[in-house]
Amino acid sequence: MNIVVLVKQVPDSGAERNLRSDDNTVDRESATNVINEMDEYAIEEALRIQEAHGGEVTVLTMGPERAGESIRKALSMGPDKAVHVVDDALHGSDALATSKVLAAALGTVNPDLILCGAESTDGRVQVMPHMLAERMGIAALTGARKLTVDTNGAGGATLTIERQTEEGYEVVTASTPAVVSVWDTINEPRYPSFKGIMAAKKKPVTTLSLADLGIPAAEVGLAGAYSAVVEHAKRPPRQGGTKVVDEGDGGVKLVEFLASEKFV
Amino acid sequence: MGVERLLPTEEAGQLLELTRELADRELAPRAAEYEQRGEFPRELLRLLGRSGLLGLPYPEEYGGAGQPYEVYLQVLEELAYRWLAVAEAVSVHTLSCHPVAKYGTELQRKRLPEMLGGELLGAICLSEPQGGSDAAHLTTRAVREGDYYTVSGTKAWITHAGQADFYSVFCRTGGPGASGVSCLLVDAGTPGVLPQARERTMGLRSSPVAQIVFDDARVPADRLVGEEGRGFRIAMDALDAGRLGIAACAVGLAQAALDYATEYAREREQFGRPIIEFQGLSFLLADMATQVAAARALTLAAARLKDAGRPFGVEAAKAKLFASDVAMRVTTDAVQVLGGYGYVADHPVERYMREAKALQIVEGTNQIQRLVISRAL
């Protein structure tokens, strides 16, 4: 099975993150950049499917030059190769433009299965699997906490997911080709091994520009975006909190506080 | 740990990065509880094995990573910084593979990928109840009968006793003295290999240590590593390298104590200011930092000699002696910096102090190290 995993480099959600003051886009220069956490689960799932059914795993990333670090990190976990779409004109692309670029790049790999994280920790819009499926005319199975692959012997497969919902889960199926997005409940991603890190250096990474994909620069980037962040402001600093002094009525005061915050 | 490291290669940098990630996420959060319960983290060692950290100084053709000691020791140091018992386990395991990797037959080496990959955990059986330092006079006997050796005797202070899958056992196959000692690779499941009750140790409690009784254990003759009478040489070889491992563990532990004490001294306020602003403490911390840096430099200098194929035994003894004494002093001072809080188990420094003591004793007491050094003067 030919599997592509979408991997996005994002600012570390555990560290200080900012928007740029000049164009309100995510500040990637001064941040500590890592693989979007949820994508590691998608990589792990792809590797497990490959171990069970064979085939090839390709990492696909759209992002600036420095996203190459995250591609190497992803490859050190085990995927076979990578495609990196990099072009200065892509800066500031919205989800719609991103999906256009990714769909075109996916066309060069022709995957049976596209795996991705259910959301990225920087954008958090969760629309990419749907947009890609729509553009490519294939099914989208989103928000999986479990994925089962039943191969049909003719190169294709039936995919069944447990889609995580607020109340429980739904069972959804589709046949390949399809896009599946996964939550962090689906598996436990492996650590890269030292050998994996060494091997990753030798794995092929294909670099594609907008010209290679036949997409005019005007259709992507900040200029081509349908949505834009107009302004932003820092979250106000945390308040001092409420101190409850027990004068025999501490319990009552605590309950009143919890009730006022609608915790009880 | 904000240590500025000079590494020989770019890949060494990535190895250290991987080590820190594993150690921060998998070791550090578990250390205190496992130590309190005295639980051996076998699964974590498997993880380190899968990640390639259990065979670092061995050739890639056997499943190792082909790393110089200079790099391997800095990995040990990073592990010891989070959890000394795991770093010691890696050091012991790495050492237990040494006889087979260096002197083993092709048949014996077939097991190396499993050994270096951490599926099989190893231990070294050298010390005996009546003496650990005087290895030339060990008394455990192995008598050749046809295709087997029958091994009888008692080994003591065996790290990984009862947990290991194989033991590199040093025993007497010939007459008295060093030339009568041989090395056997013994499967843990061999009938007559009997790990005894665990020692109740002062620290390093998640690392199992016990005696092992060999009660006429029958070991196939093809498990002889090197030829008969070669054992003492193999043991000394392993010990020299082991001393570097312990030195690196000591540096990591001391760095952990230093960093914890420094952080505490920055936060803790007395008389209206952080206690680090009192010179009595800041100078104490400065001395601690200097000693840790010196211990690291001495250890890595010895490692570079080994990597260059030069004699390094005496330098390894100096590094082990100095680094473990530094670890003892620095951890003791760290308890002092924390005052009463340093003496209670809510903070890790009392554990560090208990653990440091072991490092002055294992792989040759520091008195033995001084003997080695003084004889070479």
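Sequence lines set the chain letters: A, B, ... in the order given, protein chains first and strands last, and positions in each chain run from 1.
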Before accepting this row, confirm whether a basic side-chain N of the pair K73(A)/E21(B) lies closer than 4.0 Å to the acidic partner's carboxylate O.
-> yes
Quiz item: Does the side chain of R50(B) come within less than 4.5 Å of R190(A)'s, by heavy atoms?
Solution: no
- prompt: Does atom CG of D150(A) have more than 12 heavy-atom neighbours, drawn from other residues, nucleotides or ligands, at distances under 6.0 Å?
  reply: yes
Counting heavy-atom pairs under 4.5 Å with chain B, the top scorer among S76(A), G196(A), S193(A) is S193(A)
So CD of Q14(B) and CZ of R72(A): to nearest 0.5 Å the spacing works out to 10.0 Å
Atom NZ of residue position K203(A) - does it have more than 12 heavy atoms of other residues, nucleotides or ligands inside 6.0 Å? yes
Does E261(A) CD have over 12 foreign heavy atoms under 6.0 Å away?
-> yes
Is the number of heavy atoms from other residues, nucleotides or ligands within 6.0 Å of CZ (R37(B)) greater than 12? yes
Taking every heavy atom of G63(B) against every heavy atom of K195(A), the minimum-distance pair comes out as O-NZ, 3.2 Å
Within residues 25-33 of chain B, contacts to chain A at heavy-atom distances under 4.5 Å involve R25(B), E26(B)
* Would you say Q36(B) has more than 12 foreign heavy atoms packed within less than 6.0 Å of its CD? -> no
Separation between CG (L48(B)) and CZ (F194(A)), nearest 0.5 Å, reads 14.5 Å
Rounding to 0.5 Å, atoms OH (Y191(A)) and CG (L18(B)) come to a distance of 9.5 Å
Cut-off 4.5 Å, heavy atoms of chain A, and the answer for Q67(B) is side chain
_Residue pair I197(A), L15(B): steps toward the side-chain contact (heavy atoms from CB on, under 4.5 Å) verdict_ = CA-CA 8 Å; I197(A) 291 170; L15(B) 174 62; over 6 Å; no
Mark yes when over 12 heavy atoms from residues, nucleotides or ligands other than Q50(A) sit less than 6.0 Å from its CD; otherwise mark no. yes
